[in-house]
Amino acid sequence: MTTIELVGVAVDTRHYIGGERVASGETFANTSPIDGTFLGDIARGGAAEIGAAVSAARAAFAGWAAMGPQARGAILHRVADLVEQNLETLAAIETLDNGALLRSHRRGVMPRVAHNLRFFADWAINELGHPDLDTRGHTNHVSWDPSGVAALITPWNAPLMLATWKIGPALAAGDTVVLKPAEWTPLSASFFADLTKQAGMPDGVFNVVQGYGDEAGAALVAHPGISRISFTGSVPTAKTIARAAAENLTPCSFELGGKSPCIVLGDADLELAASLAVEQYDNAGQVCLSGTRILVHESIATEFMEAFTAKAAALTQGDPRDPETDIGPQIHQTHFDRVKGFVDRAKAEGADIVWGGEPNGELGGLYFRPTLIANPAPGSEIVTAEVFGPVLTMQTFTTDDDVVALANGTDFGLAAIVVSGDRDHAELVTRQLVAGTIWVNCFFVRDLRAPFGGSKKSGVGREGGTWSFDFYADIKNTVFAPTGWKTATIEGSTHG
Ligand code: NAD
C-alpha cells in the first residue's frame with residue numbers, strides 16, 4: 001500500500017526523498033486516537049532512507065542556497081498558498097492523526113502553518129540585517145549564509161505547526177531539509193510534502209523520512225552530512241540527541257518540556273484567572289506550554305475554586321471532530337498509560353483528587369478525564385514531572401517570595417502565567433521568574449518576531465525572528481579595508 005484514502009484525499013504513506021516517493025521494506029501501523037481506527041501502514045525508515053535523504057538534500061543545497069531569499073521566499077509563499085487552499089483537508093488529516101480539536105485546526109493551527117512559512121520567508125528578505133560596524137575606517141559586514149542540511153525532528157502534539165516553525169526559517173535561510181515527523185503523527189508532513197512539489201520547490205530541498213525515533217531519528221542526528229539539528233520533544237530524547245550530535249559537533253536547537261506555573265496573585269480578577277486556568281486543559285493537556293501548576297494566593301483560594309470549578313464542569317469531552325467538544329483523547333495507548341500512571345501514583349500517595357483522576361468510562365478508549373489534584377506533597381512527582389495530559393495541580397501561597405520559590409522549583413523553565421490586577425505587582429513577580437515566555441493576564445499569545453524557547457531543562461536556544469536564522473545560518477563577518485588602504489593590518493590592532 002502506497003497511499004491511503006482519508007477525508008476524501010489520497011495521503012502517501014511513503015517517504016519523500018529527492019522529490020520522489022520512496023517505500024521501505026518495513027512499515028508500521030498508524031491508528032487514530034479518536035476511536036482506534038486503523039489509518040494505514042506507514043513506511044518505516046532507517047539508516048538507508050536517511051542516507052538517501054541527506055544525500056538528496058546535500059545535492060540540492062548549492063542550487064537552493066544560490067537562489068537567494070527573494071526566489072526562495074516566492075516558493076515558500078506558494079507553499080503557504082497551497083496550505084490555505086487545502087486548509088480543510090490538512091485540518092481533517094491532522095485531527096484524525098493526533099486527536100486535537102478539528103475547530104482549532106481549522107481556525108487557528110492550519111492558518112498559522114501558512115503564516116509561519118510566509119513570516120520567515122519575508123523576514124529573510126526584509127529584516128535579516130545588521131548595520132555595518134566601523135573599525136577605524138574598516139567595515140564589518142555581517143551576513144547569514146546558508147549552512148547546509150537541517151535535520152528537523154518533531155513531536156506529535158501539534159505536528160505540522162511545530163514543524164513549520166523549523167521548516168520556514170531553515171528553508172528561508174537557504175538550508176535544505178530532512179524532516180523526521182513523530183511516528184504517532186506521520187500524515188500531515190506527508191501531505192505537506194506533496195504541496196512543496198506542487199509549489200515548484202526543487203527536488204531534494206525538502207525531504208521527509210518517516211519512522212521511529214530510535215531508528216530513523218537516531219540515524220538522522222548521527223549523520224555527518226547534516227549541519228544543524230532542530231528538535232522539539234522530550235528531555236530524555238534531547239539528551240540522546242546531544243550525545244549523538246557531539247560526535248560531529250553538530251549545533252542543536254532544543255525545544256523541550258515544561259511544568260509551567262499559572263500564578264493567581266491576590267489582586268487577580270477571579271473570572272479571568274478561572275478562564276485562564278481552564279485553558280490549561282487545551283489539547284487534552286498535551287501542550288508543552290501548559291501552566292499545569294495552579295498557584296493561588298490563599299486569600300482568594302476559595303472564591304477562585306468556585307469560579308474554576310464552574311468553568312471546568314462546563315467542559316465537554318468527546319470526539320474532537322464535534323464542534324461542541326473541548327477536550328479530546330490522549331494521543332496513543334502508551335501515552336494514555338503514562339498519564340494514568342502519574343495520577344495513580346499520586347493517588348497512592350494520598351493526593352486529593354478534586355475532580356477527574358480517571359479515564360472517562362463513558363467514552364472509553366484514550367479519553368482521560370480533566371483532572372485537578374489539590375495540595376500535592378511539595379516536591380512530589382506530580383508537581384515536578386511533566387505529565388503532558390489533562391492533569392493540573394493546585395497549591396496555595398501566602399507571599400510573593402513563596403510563590404516565586406514554588407514557581408521556580410522545578411527543573412523546567414519553559415513558560416509562566418501570572419494573573420494580577422496590578423501591573424507593577426505582576427512585574428515584581430515576573431522579574432524573578434525563570435522562564436522563556438511569561439504571559440501576564442493572557443495565554444498562548446505568540447508573535448514570531450519575539451524569542452521563543454525554554455530556560456533550564458526546557459530547551460537550548462531560541463526560535464523566532466532573527467533568533468531562528470542565527471541558528472540555521474552560518475553567521476559571517478566580512479571586514480572590508482577602506483578604499484585605497486594598502487597596509488595589511490591596522491597598527492595596534494589585536495587578534496586571537
Ligand atoms: P519524544 O522526545 O518522545 O519524541 C519527539 C521526536 O523525537 C519524535 O519524532 C521521535 O520519533 C523522535 N525521537 C525519539 N527518539 C529519538 C532518538 N533517539 N533520536 C532522534 N530522534 C528521536 O517527545 P514526544 O513524546 O513526541 O513529545 C512530547 C514532548 O515534547 C513533551 O516533553 C513536550 O513538552 C515537548 N514539546 C515541547 C515543545 C516546545 O516548544 N518546547 C513543543 C511541543 C512539545
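Counting convention: from 1, in listed order, for ligands and their atoms alike.
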Scan the side chains in residues 170-177 for donor-acceptor partners under 3.5 Å anywhere in the protein, sequence neighbours excluded, and list what turns up.
residue	atom	partner	partner atom	Å
D175	OD1	S147	N	2.7
D175	OD1	S147	OG	3.4
D175	OD2	S147	OG	3.2
T176	OG1	A57	O	2.8

Please output the side-chain donor-acceptor pairs of residues 148-161 that fall under 3.5 Å, not counting sequence neighbours, one pair per line with the distance.
residue	atom	partner	partner atom	Å
N157	ND2	Q286	O	3.1

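Closer than 4.0 angstrom to ligand 1 sit non-hydrogen atoms from I153, T154, P155, W156, N157, L162, K180, P181, A182, E183, G213, G217, A218, F231, T232, G233, S234, T237, T240, I241, E255, L256, G257, C288, E386, F388, L414, F452.
Residues N248 and H223 have side chains that never bring a donor and an acceptor to within less than 3.5 angstrom of each other.
Within 6.0 Å of CZ in R449 there are 12 or fewer heavy atoms belonging to other residues, nucleotides or ligands. In E5, the CD atom is crowded: over 12 heavy atoms of neighbouring residues, nucleotides or ligands sit closer than 6.0 Å.
Under the rule for a salt bridge (charged side-chain N to carboxylate O under 4.0 Å, His left out), the partners of E183 that lie at least two apart in sequence or sit in another chain are K180.
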